[in-house]
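Chain letters run A, B, ... following the sequence lines, proteins first, then strands; residues in each count from 1.
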2 protein chains.
Amino acid sequence: MKENSVPEATVARLPLYLRSLVDMTERAVATVSSEQLAEAAGVNSAKVRKDLSYLGSYGTRGVGYDVEYLIYQISRELGLTQDWNCMIVGVGNLGRALANYRGFGSRGFRVAALVDSDTAKIGGRVGDLEIEDFEDLERIAKERQVSIGIITTPAAAAQGAADRLVSAGIHSILNFAPALIQVPDDVSLRKVDLSIELQILSFYEQRKAAFDSVRRARRLTGSAARSTRP
Amino acid sequence: MKENSVPEATVARLPLYLRSLVDMTERAVATVSSEQLAEAAGVNSAKVRKDLSYLGSYGTRGVGYDVEYLIYQISRELGLTQDWNCMIVGVGNLGRALANYRGFGSRGFRVAALVDSDTAKIGGRVGDLEIEDFEDLERIAKERQVSIGIITTPAAAAQGAADRLVSAGIHSILNFAPALIQVPDDVSLRKVDLSIELQILSFYEQRKAAFDSVRRARRLTGSAARSTRP
DNA sequence: ATGGGCTTGTGAACGCATTCTCAAACCCGA
DNA sequence: TCGGGTTTGAGAATGCGTTCACAAGCCCAT
Ligand SMILES: NC(=O)c1ccc[n+]([C@@H]2O[C@H](COP(=O)([O-])OP(=O)(O)OC[C@H]3O[C@@H](n4cnc5c(N)ncnc54)[C@H](O)[C@@H]3O)[C@@H](O)[C@H]2O)c1
Ligand SMILES: NC(=O)c1ccc[n+]([C@@H]2O[C@H](COP(=O)([O-])OP(=O)(O)OC[C@H]3O[C@@H](n4cnc5c(N)ncnc54)[C@H](O)[C@@H]3O)[C@@H](O)[C@H]2O)c1
């Protein structure tokens with residue numbers, strides 16, 4: 001009766017709210033209105049209220065939301081009341097950076113295993129973790145109770161890595177390789193693609209440049225004088 | 001008359017199509033139907049046709065699209081016919097990984113400058129680039145004609161970094177720091193937030209776990225017998 | 001106790017994106 | 001030259017997410 005499906009767009013914003021709320025507790029703010037939270041998270045206040053209403057009625061009319069309580073509720077909804085073990089597949093430039101990243105564990109995500117297929121790398125260490133053999137992926141995943149797989153192999157190896165993660169019983173995958181990978185329906189797959197982000201920026205940058213040069217040309221030829229009013 | 005605004009959602013998919021098309025030329029495919037391209041990019045074919053129709057009528061009915069020609073048109077639309085210079089602000093774990101990343105330049109993005117505020121790092125090298133002083137950001141950006149700024153500083157320093165990039169005349173920023181940053185309207189800002197991605201995965205992972213345990217409980221108590229048909 | 005001022009929670013309107021659908025257009029073989 | 005098979009391009013329908021708008025509900029001062 002109470003709850004079912006939270007819209008995907010809302011799920012994606014809950015972490016934003018959470019971050020803002022945690023900032024607030026650090027500044028000893030006890031209560032927050034949807035307006036204030038909206039400002040902090042960079043969205044509009046109706047959105048905040050609607051999003052939070054999917055989780056339940058945790059606000060007080062005329063007052064706002066209790067910061068601590070809301071942190072708890074959002075954390076619970078996001079599954080952050082427990083820790084999650086992650087495995088990084090492919091320990092190159094990027095995999096190493098992720099493995100070294102503190103502030104990972106800060107919200108309950110623990111890098112529990114690193115695997116690579118390069119025999120020159122296996123046995124090496126990153127921080128206090130050993131790089132292990134990709135071939136042992138299933139065993140390692142089971143032993144360490146890994147539930148999230150992070151793929152940082154070259155694109156060509158990404159599908160293979162995903163297949164192995166799935167066969168190890170992992171249902172959540174974050175892919176950094178610029179490749180489309182297929183997983184069964186019951187596996188969540190998210191991707192982060194830097195190159196796509198840059199191309200999107202480039203699209204808008206070009207638009208701006210084109211627009212500017214039109215303006216510049218107009219100014220030079222004096223055609224700006226042909227304005228709407230004759 | 002011909003073209004105006006391409007929807008944002010379409011812009012975000014053009015790089016995907018482009019990647020698939022480039023793969024195809026490498027496999028010597030000359031012509032592609034919307035159906036095939038859709039399959040390769042992991043979307044539906046009506047979407048492909050509608051997206052491409054925003055750029056113009058580049059297909060041939062009964063035949064499909066010419067792969068080379070489509071690559072050229074999409075590249076042009078995305079502004080990839082020219083090179084773009086990027087500056088990385090904050091050369092730590094992540095900044096260093098990005099700086100070392102080849103496959104960056106592969107599609108016209110060149111890391112042209114690295115800056116950091118840590119005097120211990122300034123003067124050091126990453127690959128063939130020197131780490132320079134954050135204080136000289138404006139001068140460096142101008143000299144190297146940087147048009148894209150990449151922020152990989154700690155969250156607390158991200159807004160400051162963005163302000164300096166903006167004051168250097170940069171209109172496109174990619175932010176990796178987990179912080180909300182404000183920029184003027186004429187600046188494009190995109191963010192990549194690993195921690196948010198993990199939290200989204202955690203949300204669905206938890207749902208799956210909850211659902212599984214319900215199923216397990218049902219099976220044990222035999223209540224699955226109370227099915228829809230009596 | 002009561003009224004005034006705030007803020008939530010949510011129906012309703014709106015807008016954007018996706019998907020369905022099919023006439024129009026093209027190629028090719030007979 | 002013509003007709004059958006194929007595929008595009010775009011209008012229409014649908015669905016999802018955002019935003020508006022306001023009644024309901026809460027707190028506090030009087
Ligand atoms: N480095 C970056 O900044 C960056 C940025 C965006 C995207 N990416 C993408 O992330 C991925 C990794 O990039 P990188 O720069 O770290 O590359 P890299 O070559 O430095 O590292 C890749 C690692 O994967 C390992 N590997 C290869 N095949 C494997 C397999 N089948 N199983 C397990 N491990 C395997 C290699 O041994 C290597 O250690 C690439 O797909 C790249 O396109 C990287
Ligand atoms: N490392 C990762 O894998 C990872 C993953 C996701 C997000 N992030 C985020 O990316 C950012 C960088 O992460 P990191 O692990 O590389 O951190 P890091 O501490 O290794 O590097 C940060 C760098 O920024 C520099 N810096 C600090 N203040 C600066 C300023 N005002 N101007 C210029 N440079 C400044 C520091 O000297 C340091 O070199 C952080 O915000 C982090 O949360 C990192």
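- Rounded to whole Å, the distance from CG on B:Leu55 to P on D:dG9 is 10 Å.
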- Please walk me through it: do A:Asp83 and A:Arg110 pass salt bridge (charged side-chain N to carboxylate O under 4.0 Å, His left out)? CA-CA 7 Å; A:Asp83 279 13; A:Arg110 222 173 60 82; 5.6 Å; no
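- Nearer the 5' end of DNA chain D, as judged by each residue's closest nucleotide, is the contact made by B:Ser53, out of B:Ser53 and A:Pro7.
- Classification of B:Glu35 and B:Arg49 as a salt-bridged pair fails, no side-chain N sitting under 4.0 Å from a carboxylate O.
- In this structure, the CD atom of B:Glu35 is 14 Å from the P atom of C:dT21, given to the nearest Å.
- Side-chain atoms of A:Ser167 and A:Glu138, non-hydrogen and from C-beta on, do get closer than 4.5 Å to each other.
- In this structure, B:Thr10 and A:Ser57 both approach DNA chain C, and ranking their closest nucleotides by distance from the 5' end singles out A:Ser57.
- Closest to the B:Arg49 side chain, of the nucleotides C:dT21, D:dG17, D:dT19, is C:dT21.
- Remark: B:Ser33, B:Ser34 in residues 26-34 of chain B come within less than 4.0 Å of DNA chain D through at least one heavy atom.
- The aromatic ring centroids of B:Tyr58 and B:Tyr69 lie less than 6.0 Å from each other.
- Ion pairing between B:Glu8 and B:Arg13 fails under the 4.0 Å rule for side-chain N and carboxylate O.
- If you measure from atom NZ of B:Lys47 to atom P of C:dT21, you get 17 Å, rounded to the nearest angstrom.
- Side-chain contact between A:Asp51 and A:Lys47 is present, with at least one heavy-atom pair separated by less than 4.5 Å.
- Between the CD atom of A:Glu39 and the P atom of C:dT7 there is a distance of 14 Å, given to the nearest Å.
- When side chains are defined from C-beta on, B:Tyr17 counts as touching B:Val43, because their heavy atoms get closer than 4.5 Å.
- Rounding to whole angstrom units, CG of residue A:Asn44 and P of C:dG9 are separated by 16 Å.
- Inter-residue side-chain proximity for A:Leu70 and A:Leu37 is flagged as met; some heavy-atom pair is nearer than 4.5 Å.
- Atoms CD (B:Glu8) and P (D:dC16) sit 20 Å apart, rounded to a whole Å.
- Listed pair B:Tyr54 / C:dA17 fails the phosphate criterion, with no side-chain N or O lying under 4.0 Å from OP1 or OP2.
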- 5' to 3', nucleotides 25-30 of chain C under a 4.0 Å protein heavy-atom cut-off (B base, S sugar-phosphate only, - none) gives BBS---
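- Separating the CG atom of A:Asp51 from the P atom of C:dG9 is a distance of 12 Å, rounded to the nearest angstrom.
- You'll find the side chain of B:Leu18 reaches within 4.5 Å of the side chain of B:Leu80, heavy atoms only.
- Here the P atom of nucleotide C:dA17 and the CG atom of B:Leu14 are 13 Å apart, to the nearest Å.
- Picking from D:dG11, D:dT18, C:dG9 the nucleotide with the shortest atom distance to the side chain of B:Lys50 gives D:dG11.
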